[in-house]
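Reckoned from all heavy atoms, side chains included, excluding hydrogens, waters and symmetry mates.
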Amino acid sequence: MCGIVGYIGEKQAAPILLDGLSRLEYRGYDSAGLAVRDGDKEIEVVKAKGRLRKLAEKTDDGKAMIGCCGIGHTRWATHGEPSEINAHPHSSERSVLDAPGVAGVHNGIIENYQELKDKLLRKGYTFYSQTDTEVAVKLVDYYYHKYQVGPIDALAKTMVRVRGSYALTVMFRDYPGEIWVARKDSPMIIGVQEGESFVASDVSAILNYVRNVYYIGNMEMARLTAGDVHFYNIDGDEIQKESVEIKWDAQAAEKGGYEHFMMKEIHEQPKAVADTIRSVVKDADETPHIDLSGVGFTDEVIRDISQIYIVACGSAWHVGMAAQYVFEDLARIPVRVELASEFRYRKPLLDPKGMVAVISQSGETADSLAALREAKANGIRTLAIVNVVGSSIAREADHVFYTLAGPEIAVATTKAYSTQLIASYLLAMHFGYVRGTLGDESYTRMLKELLTIPDKISQILSEKERLQWFASKFANAHDIFFIGRGLDYAVSLEGSLKMKEISYIHSEAYAAGELKHGTISLIEDNILVIGVLTQDDLYEKTVSNMVECKARGAYLMGLTSYGHYVIEDTADFTVYIPKTDPHFAASLAVIPLQLLGYYTSLARGLDVDKPRNLAKSVTVE
């Protein structure tokens, strides 16, 4: 992995490829490369270790590579260290310097690459890199020459032998002006307009060039020529597909005057949250009610669900932790929150009347997709909460709730997390109302309160300067602890993740009552402890835990609702958020924690949008 772009048309390919790759930099990468072809001439490959600008310098911003057909890639190392040799594209030839008969780029993981490599070594192939991608490209070349078949048959035979996930894009010396692709589990989209064709691993790479795209399905292949595309199944039979119009504004993938995408996306949360609410809330200005018919839920289905299993990774898992509290309280349905990376390996016991809810921003998260398929294999109803229309998880789930966050570029999620929280609230409220556990009065009151959340987020954002000052004070911290109880613990998990992933400061979140069971031994002079206190019924207990930390030398930050001013007698620094229904407090409390992580990273001089070792869409296990 991590980013793929391809182009065929009348324009020079390399500048377009570089532009597309630049729009995928947020995904995380350590090297980059291009393969470009000028008519019938040999395929030319140029690669560079490090940031994309180094590849741009080597190719004079693409002008030094002549040709109207090409593929490009940004790599995030899995097999083999970051290096120019290990960078994509890879070649079917003995040396990286030889003009390739087959050149290819690949996202994903080839799990049985060593077995395939041993086979190819016995057949006389040699290898110059440490990557699984070189094995895949040479396997395509092997079948292409051994059986004297066309590219589709060669790709199909390769797909049958390969275990793992991949989005594979290749060029053949014998087929000038054509690009061939194959897909299993890793995302791949294709855009076509008059005289031009594009392929990419993410729509943001080609959004400035084409608005109508095709989503190539699992175990499918495609042949691209200038202005045309043909799709094939694993048997090599041609299949038909309908294109989908991308309605995102191309400007949504630009910084829009902000220094970083992350800050832009933090400020986009009021709109993203409002759009998500109004996608299912009808008559919002009169008598609001939730309509989930577009998600595919009937009242009969909702009443029949006996248990919910929320499955997710990272920040989406933190959403699940918050949703668990809200669902169980409002709908009185047992909820279990599962890490997707563990779900299928522990052979879960699933209630036949249960529902597995998978939460994923991209809709392509490998572990979450595998969990969804495990649930379906067991005959369990599935729900997807995703942000990307046409993504794998969205296509395969029984029910889909689309969040309307728009494109999220920064690696550290903000607005996707917030819209997933909102989707969870809406589902819990509707389930509770249908099942009779949430009365008419409470239902209407909570819906009206939910409609105020966007304005309250805006109010918090208008007061962010104090957090910038505070972040600079603790920019050199080595350890930070976040504590809370109930929903406050759930939001503490997300606050801690934001801090560690972009500032590289070690931070941990703990249920406040667990401090005395070992963790309090780590508290020492001036260590920062952040207490989240938005739940009135748990407020005093969390304050007591903060006092215990202060007695051992901790510096305390309190995050609470307006009105709890007595916290200033305990905390050294306090941040206030507007009052709201306690079920929705996480949507407000997370905003200062996002800003704190951002400003701390900024004070440390780090790359906020592209933190080290991380990728935006994790499409490998």
Expected list for residues 499-512: side-chain donor-acceptor pairs under 3.5 angstrom, two or more places apart:
residue, atom, partner, partner atom, Å
Lys500, NZ, Ser507, O, 3.0
Glu501, OE2, Lys498, NZ, 2.7
Ser503, OG, Met499, O, 2.5
Ser503, OG, Ile505, N, 3.2
Tyr504, OH, Arg612, N, 2.8
His506, ND1, Asp479, OD1, 2.7
His506, NE2, Glu508, OE2, 3.0
Ser507, OG, Ser496, O, 2.8
Ser507, OG, Ser496, OG, 2.9

Exam field: side chain [X] to backbone [Y], donor-acceptor pair closer than 3.5 Å:
X      : Y      : result
Arg466 : Thr574 : yes
Lys610 : Val411 : no
Glu338 : Ile310 : no
Glu328 : Pro334 : no
Glu408 : Thr414 : yes
Asp609 : Ala410 : no
Ser83  : Asn86  : yes
Asn387 : Gly406 : yes
Asn107 : Ser186 : no
Ser362 : Glu364 : yes

(request) Can you run down the ring pair (Phe, Tyr, Trp, His ring centres under 6.0 Å) pairs that involve residues 577-600, sequence neighbours left out, and say none if there aren't any? (result) His260-Tyr598, Tyr425-Phe584
Can [X] and [Y] be counted as having a side-chain donor-acceptor contact under 3.5 angstrom?
X      : Y      : answer
Asn545 : Thr542 : no
Thr133 : His90  : no
Ser315 : Glu494 : yes
Glu84  : Ser31  : no

(request) Could you tell me which residues satisfy ring-ring contact (aromatic ring centres under 6.0 Å, His included) with Tyr258, sequence neighbours excluded, listed by chain and number? (result) His267
(message) The criterion is ring-ring contact (aromatic ring centres under 6.0 Å, His included); which residues satisfy it with Phe470, sequence neighbours excluded?
(response) Phe474, Phe573
To check you understand the geometry: which heavy-atom pair defines the closest contact between [X] and [Y], and what is its length?
X      : Y      : value
Leu34  : Leu17  : CD2-CB, 3.8 Å
Leu18  : Ala56  : CD1-CA, 4.2 Å
Leu421 : Ala322 : CD2-CB, 3.7 Å
Gly320 : Val337 : O-CG2, 3.4 Å

Rounded to the nearest 0.5 Å, how far apart are [atom1] of [X] and [atom2] of [Y]?
X      : Y      : atom1 : atom2 : result
Leu369 : Ser165 : CG    : OG    : 9.5 Å
Tyr417 : Ser587 : OH    : OG    : 7.5 Å
Leu21  : Ile4   : CG    : CD1   : 10.0 Å

(message) Walk me through whether Ile110 and Arg163 qualify under side chain to side chain contact (heavy atoms under 4.5 Å, CB included).
(response) CA-CA 6 Å; Ile110 307 299; Arg163 294 196 305 272; over 6 Å; no
Taking the side chain as every heavy atom from C-beta outward, state whether [X] and [Y] have any atom pair closer than 4.5 Å.
X      : Y      : result
Asp536 : His564 : yes
Met263 : Leu595 : yes
Leu450 : Thr580 : no
Met321 : Trp317 : yes
Asp19  : Ser22  : yes
Asp455 : Pro270 : no
Val575 : Met557 : yes
Val335 : Tyr309 : no

(message) Leu522 vs Ile527, test: side chain to side chain contact (heavy atoms under 4.5 Å, CB included). Steps then yes/no.
(response) CA-CA 9 Å; Leu522 298 175; Ile527 199 165; 5.6 Å; no
(request) Could you walk me through whether Lys47 and His88 pass the side chain to side chain contact (heavy atoms under 4.5 Å, CB included) test, one step at a time? (result) CA-CA 7 Å; Lys47 306 193 280 189; His88 303 203; 5.7 Å; no
For [X], side-chain contact (heavy atoms from CB on, under 4.5 Å) partners two or more places apart:
X      : value
Ala423 : Ile385, Phe401, Thr403
Pro348 : Phe343, Arg346, Leu350
Ala589 : Val491, Val532, Thr534, Leu559, Ile577
Ala316 : Ala312, Ile359, Gln420

For [X], give me all partners under side chain to side chain donor-acceptor pair (under 3.5 Å), at least two apart in sequence or on another chain.
X      : result
Lys54  : none
Glu568 : Tyr576
Thr419 : none

(message) Test of understanding: with salt bridge (charged side-chain N to carboxylate O under 4.0 Å, His left out), list the residues that count as partners of Glu449, not counting sequence neighbours.
(response) Lys456
(message) Distance to the ring centre below 6.0 angstrom and angle to the axis at most 45 degrees; does that hold for Arg51 and Tyr29?
(response) yes
(request) Starting from the C-alpha separation in whole Å, work towards a yes-or-no answer on salt bridge (charged side-chain N to carboxylate O under 4.0 Å, His left out) for Asp185 and Arg373. (result) CA-CA 11 Å; Asp185 295 338; Arg373 289 172 177 165; 2.5 Å; yes
(message) With side chain to side chain donor-acceptor pair (under 3.5 Å) as the test, pick out the partner of Lys415 among Glu268, Gln594, Gln361.
(response) Glu268
(message) Using 30° and 60° as the class boundaries, would you call the ring planes of His106 and Tyr166 parallel, tilted or perpendicular?
(response) tilted
(request) Begin from the C-alpha positions of Thr382 and Val358 and carry the test side chain to side chain contact (heavy atoms under 4.5 Å, CB included) through to its verdict. (result) CA-CA 8 Å; Thr382 56; Val358 177; 5.9 Å; no
